[in-house]
Amino acid sequence: MATTILVGAQWGDEGKGKIIDVLTESADLVVRTQGGNNAGHTVILKGVKYVLHLVPSGILHQGKVCVVGNGVVVDPISLCEEIDGLEKLGIKVTPQNLALSETAHVVFPYHRELDAQREVLKGRQKIGTTKRGIGPAYGDKAARVGLRLLDLVQPERFAAALKTRIKENNEVLKAFGAKPLSYKKVLADYQAAAERLKPFVTNTVVLLNQALRQKKNILFEGAQGTFLDIDHGTYPYVTSSNTTAGGACTGSGVPPNRMDRVVGVMKAYTTRVGEGPLPTENAEIADMLHAMGREFGATTGRPRRCGWFDAVAVRHAVMVNGIDELAVTNIDGLDTLETLKVCVAYRAAGRQYDYVPSDAALLAQCEPVYVELPGWRQPTSAVKRWKDLPAKTRAYLKALSDLTGAPIGIASVGPGREQTIFVK
Ligand code: IMP
C-alpha cells in the first residue's frame, strides 16, 4: 500500500468512511489532514454503527495509529465527547493509537456562533454550513490570530491568549446582536478538555516522517469532497479547507514526492448537502432514495440533495486530484431503476462545457447533457465478485470509468465491509 491519499470525488458523503475502513486493513497509520467535526464518516462494523467526526476510523481496528494532522481544526470539547462515545462502545483510545498535531488549530464557541450569525446574515445566499465553526476557525488561522493545540495545553499562555480572543470576538458578536461569551466559562471548559487531550498532543510531522522511513503504510483519509474544496470547489458554496489531494501534503507535513497513489471515492449517483449548484439534481431520484431511508447527512441529519451521476464533475475531480483509481459506492441504490442517466456535458448560454465552470452562478445555470443507460433491475447488495454483478451493472460502471478517465478499483454494494468488490 505504501502511501495512499483517499479523496471524495464529488460533493462529500461519497461513502468514504466505508472505503477508508476497508483500506485501513493494509495501513499502519491512518491520518486526517483537513476539515474538522463537520465531517461524519459512517462505519458499520459487526452490525454496530459508528459515526466518526474527527477521529480517523482506523481507531476501530487494533494496532493502527491514528493521526489528526496539522491541517485539521479541532473542537476539543467535541473531540472529548467523541472519545467518550468510542470508549463506551468498547474502543480504547490512548496516546498509542491516537496522536493530535500540536499545530492543529482549535475551534472555539465564538467560531460556531459566528458561523451561525453569518449564515443568518446571508439569508437566501446562505452556504448551508454544518454550523461547527469551521469557516471562522480557518479564517482565524489565515488571519494569524488562531490558537493551536500547543497553546491549548499550556495553561498560562492559553488563559492569556483566550482572554484577548474572547474580548475581540465578543465585540463582533455584539455587532451581530448575539450574546457575548463568558471568558470564565470558556476557559474552564477548554482547560478541562486540554487536560484530557494533553497526552495525545505531539509533533505529528516528525511522527509521520519517521513512519515513512520505517516503510510503514499510511492512509490519508480525506473529508468532504472535491467540489467543497476552498480553491477547486463551487466557491463560495464550499468548506474552508483543501479537500483535494494536495491538502493531504500540506495538512500532514508529508511531501508530495512521498505519495504513491490517489483513490477517489464516488457514489454511483450524485448527492450534496447544503446550498450551491448541483447540475444533475433530480427530485424523483431524491424521493426514491429518501423513501429507501438513504441519503440523510451523518453529521446534521439533513436530507441530502440527489441527482444523476455527473461525469463532467468526476472527470474534473480525476484531473485536480490525480486520481489513479476510483471506488464506486451505493451501486445498490440504483437497483430498481429502469433507465439511468449520466451527465456527459453541460450547456449554458449557448455554450457547451466539458469541464466544471469556476463561476458558481454559471454552474447554477448549466443544463446537463445526458446519455441514457439501461438499469439492471436486480438486487446487487449480496454480490461478492465482479463477474457476479449483473451485466448491465458492469456496463454502467464501465461507462462511468470511460467517461471519467479513471479505472474502477472497488465497487461497493452496501455499507458492510463484506459488501465490497475488488475489481481486478
Ligand atoms: P462547513 O464545512 O460546515 O463550513 O460547511 C460548508 C459546506 O460544506 C456546506 O454545504 C456543508 O453542507 C458542506 N459540508 C461540510 N462537511 C461536509 C461533509 O462531511 N459532507 C458533506 N458536506 C459537507
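One-based numbering, in listed order, for ligands and for the atoms of each.
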>> Filter on side-chain hydrogen bond (donor to acceptor under 3.5 Å, both in side chains), then keep only pairs touching residues 120-138, sequence neighbours left out; what's left?
In response: Asp115-Thr129
Within the 3.5 Å criterion, strictly below it, is a donor on [X] or [Y] matched to an acceptor on the partner's side chain?
X	Y	value
Thr271	Arg294	no
Asp310	Tyr346	yes
Gln34	Ser241	yes

> Sub-3.5 Å donor-acceptor pair from the side chain of Thr204 to the main-chain atoms of Leu100, do we have one?
Replying inline: no
> Side chains of Lys16 and Glu221: closer than 4.5 Å at any heavy-atom pair?
Replying inline: no
>> Can you list every protein residue that has a heavy atom under 4.0 Å from any atom of ligand 1, sorted by chain and residue number?
In response: Trp11, Asp13, Asn38, Ala39, Gly40, Ile127, Gly128, Thr129, Thr130, Gln224, Leu228, Val238, Thr239, Val273, Gly274, Arg302
